[in-house]
Amino acid sequence: IFLVAIIISMGTVCESQCLGDYECGLCEQCQAGTCVFQTNLEDTKDECPDSECSTGLCNGSGTCGLSPAGRVCTGDEYSYTDDECDDTGTCVHLLNQWARIYAGEGDDFGQSVLQTIDGDFIVVGYTRSFAVQNYDLWLLKLSRTGEVVWEKTYGGVGRDYAYSVQQTADEGFIIAGYSLSFSGGGDADFLVIKLLSDGSVSWQKTFGGSEFDAARSIQQISGGGYIVAGITLSFDTGTNDIWVMKLGPQGDLVWEKGFGGNCAYEAYSVLEATDGGYIVAGNVHSCELANRDVLILKFDTDGELLWRKN
């Protein structure tokens, strides 16, 4: 079962009273003493006290809750659109919250979600309900209110899982996970899929050996390429190792590095650092004790290890 819950502040329009020389929120137009149009969102709380806002919407950040119809504001400002306001310009609801379940008759798992450039949401995971045979990657584009805009599945007859999604600079998407369908006869391989904005496949790549290899995190980096991190049993020195690889804009391998030892090492997140290197978060399983420690690795731009902390 996919479960997605979103809380979005949608804002409110304050029908402020225009009081002679003192106009709450600097009204541009007044009818019967009521502000009907407002352009200034920067008034302080002192300039717009609650007592002079008819709905009392001067919030704690000091921004009076007024905005011209159709303007979308973010952060401490209010957010609403024309269809959420009545004829007087008053917002008909203060807060938009929703929770939805996306599922079929089988097991379905959501693994990663983010808000897209257009304000919608993209969710990725894997599905048995709608798979070809076993498990397939499942990608859903959702509207701001959780309606399905479109959905796609990707996979073959084996297990194909997705764990990470990011929107790319061209407004498409990059997905990372693992695949048994396209692993070339061995166990699972790293799977990286580049999608266009409508979910159609631009290219896909697999990387791995004869044993289990799974990508857990991917990010587009400066220059248009990608950094990917996960775990490998094919190239490990113990139980399993961390595997990090840099890809070019078309998914070609630039370099790959393994990190591990006699115990189990796993990577779950990777980011490009401001210095152009890369930071990886995961865990290491103690060989002596039955517990795991948080592990942070810092690599330079060529994938050489600079330091580790756990």
Side-chain angles (χ1 to χ4, degrees), residues 74 111-124 137 139 141 152 154 160-179 182-184 188-209 213-232 234-235 241-260 265-282 295-309:
T74 58
Q111 294 292 323
S112 181
V113 62
L114 59 85
Q115 191 162 28
T116 54
I117 294 170
D118 59 7
D120 288 347
F121 300 94
I122 197 78
V123 187
V124 74
L137 281 69
L139 184 73
K141 177 80 180 298
K152 304 281 186 178
Y154 311 89
D160 304 299
Y161 288 11
Y163 291 102
S164 180
V165 63
Q166 188 196 27
Q167 189 163 33
T168 51
D170 61 2
E171 300 189 14
F173 305 98
I174 192 78
I175 296 174
Y178 74 80
S179 174
F182 311 111
S183 61
D189 284 351
F190 270 36
L191 175 65
V192 178
I193 304 178
K194 175 65 177 69
L195 306 175
L196 303 179
S197 59
D198 63 357
S200 57
V201 175
S202 175
W203 51 260
Q204 72 177 52
K205 302 281 186 177
T206 55
F207 307 90
D213 308 300
R216 298 287 189 176
S217 180
I218 191 166
Q219 184 193 34
Q220 188 171 39
I221 58 178
S222 54
Y226 305 93
I227 192 75
V228 192
I231 63 172
T232 179
S234 296
F235 311 110
D241 284 356
I242 288 172
W243 201 18
V244 181
M245 59 179 60
K246 181 178 179 180
L247 307 179
Q250 297 301 312
D252 298 319
L253 182 65
V254 177
W255 53 254
E256 52 85 16
K257 301 287 181 177
F259 180 85
Y265 290 78
E266 299 175 345
Y268 289 96
S269 182
V270 62
L271 292 173
E272 183 178 28
T274 55
D275 62 3
Y278 309 102
I279 193 87
V280 175
L295 177 65
I296 306 296
L297 305 174
K298 179 65 167 63
F299 296 90
D300 66 15
T301 55
D302 296 320
E304 298 301 319
L305 182 68
L306 297 178
W307 53 259
R308 63 166 283 178
K309 300 288 183 180

Sequence neighbours left out, cut at 3.5 Å: what donor-acceptor pairs do the side chains of residues 166-173 make with other protein atoms?
unit_1: Gln166; atom_1: OE1; unit_2: Gln220; atom_2: N; d: 2.6
unit_1: Gln167; atom_1: OE1; unit_2: Ile117; atom_2: N; d: 2.8
unit_1: Gln167; atom_1: NE2; unit_2: Glu171; atom_2: O; d: 3.3
unit_1: Thr168; atom_1: OG1; unit_2: Asp170; atom_2: OD1; d: 2.5
unit_1: Thr168; atom_1: OG1; unit_2: Gly172; atom_2: N; d: 3.3
unit_1: Thr168; atom_1: OG1; unit_2: Gly172; atom_2: O; d: 3.2
unit_1: Asp170; atom_1: OD1; unit_2: Gly172; atom_2: N; d: 2.9
unit_1: Asp170; atom_1: OD1; unit_2: Lys194; atom_2: NZ; d: 3.4
unit_1: Asp170; atom_1: OD2; unit_2: Lys194; atom_2: NZ; d: 3.1

Discussion item. Taking the side chain as everything from C-beta on, heavy atoms only, tell me whether Val244 gets closer than 4.5 Å to Tyr278.
Written reply: no
Worksheet, complete the sentence: On a heavy-atom basis, the closest approach of Ala267 and Gly230 is CB-O, 3.6 Å
Discussion item. Can you tell me how the ring of Phe259 sits relative to the ring of Tyr265, calling it parallel under 30°, perpendicular over 60° and tilted otherwise?
Written reply: perpendicular
With a 3.5 Å cut-off and sequence neighbours excluded, list the donor-acceptor pairs that the side chains of residues 297-309 form with protein atoms.
unit_1: Lys298; atom_1: NZ; unit_2: Asp275; atom_2: OD1; d: 3.3
unit_1: Lys298; atom_1: NZ; unit_2: Asp275; atom_2: OD2; d: 3.0
unit_1: Asp300; atom_1: OD1; unit_2: Asp302; atom_2: N; d: 2.9
unit_1: Asp300; atom_1: OD1; unit_2: Gly303; atom_2: N; d: 3.0
unit_1: Asp300; atom_1: OD1; unit_2: Glu304; atom_2: N; d: 2.8
unit_1: Glu304; atom_1: OE2; unit_2: Lys257; atom_2: NZ; d: 2.9
unit_1: Arg308; atom_1: NH2; unit_2: Asn310; atom_2: OD1; d: 2.9

Worksheet entry | Those residues that, when tested against Glu266, pass salt bridge (Lys or Arg N to Asp or Glu O under 4.0 Å) (two or more places apart) | Arg292
Discussion item. Applying side chain to side chain donor-acceptor pair (under 3.5 Å), can you list everything that pairs with Ser222, at least two apart in sequence or on another chain?
Written reply: Glu272
Worksheet entry | Set of side chain to side chain donor-acceptor pair (under 3.5 Å) partners for Gln204, sequence neighbours left out | none
Discussion item. If only side-chain N and O atoms count, and only distance matters, is there a donor-acceptor pair under 3.5 Å linking Ser179 with Asp160?
Written reply: yes
Worksheet item: Listed by chain and number, what are the side chain to side chain contact (heavy atoms under 4.5 Å, CB included) partners of Lys205, not counting sequence neighbours?
Response: Trp203, Phe207, Asp252
Discussion item. Under the rule for side chain to side chain contact (heavy atoms under 4.5 Å, CB included), what residues qualify as partners of Val201, not counting sequence neighbours?
Written reply: Tyr154, Ile193, Leu195
Worksheet entry | Atom pair CD1/CD1 of Ile279 and Ile296 - distance to nearest 0.5 Å | 6.0 Å
Item to complete: State which residues pass side chain to side chain contact (heavy atoms under 4.5 Å, CB included) with Asp120; sequence neighbours excluded, sorted by chain then number.
Response: Thr116, Asp118, Lys141, Ser143, Arg144, Val149
Item to complete: Answer whether the closest heavy-atom distance between the side chains of Ile231 and Tyr268 falls below 4.5 Å.
Response: no
Worksheet item: Hey, what do you get for CD1 (Ile242) to CZ (Arg216), rounding to the nearest 0.5 Å?
Response: 12.0 Å
Worksheet entry | Heavy-atom pair with the smallest gap, counting every atom of Ile175 and Ala162 | CG2-CB, 3.7 Å
Worksheet item: What's the verdict on side chain to side chain contact (heavy atoms under 4.5 Å, CB included) for Tyr226 and Val192, showing C-alpha distance, side-chain angles and the deciding distance?
Response: CA-CA 10 Å; Tyr226 305 93; Val192 178; 5.8 Å; no
Discussion item. Going by side chain to side chain donor-acceptor pair (under 3.5 Å), name the residues that satisfy it together with Ser234, two or more places apart in sequence or in a different chain.
Written reply: Asp213
Item to complete: Show your working on side chain to side chain contact (heavy atoms under 4.5 Å, CB included) between Leu253 and Leu247 and close with a plain yes or no.
Response: CA-CA 5 Å; Leu253 182 65; Leu247 307 179; 4.0 Å; yes
Worksheet item: Which heavy-atom pair separates Val228 from Ala176 by the least distance, and what is that distance?
Response: CG1-CB, 4.4 Å
Worksheet entry | Minimum side-chain heavy-atom gap Ile174-Val165 below 4.5 Å | no
Fill in: Contacts of type side chain to side chain contact (heavy atoms under 4.5 Å, CB included), residue Ser269, not counting sequence neighbours
Ser217, Ala281
Worksheet item: Which value, rounded to the nearest 0.5 Å, describes the distance between Trp243 atom CH2 and Phe190 atom CZ?
Response: 5.5 Å
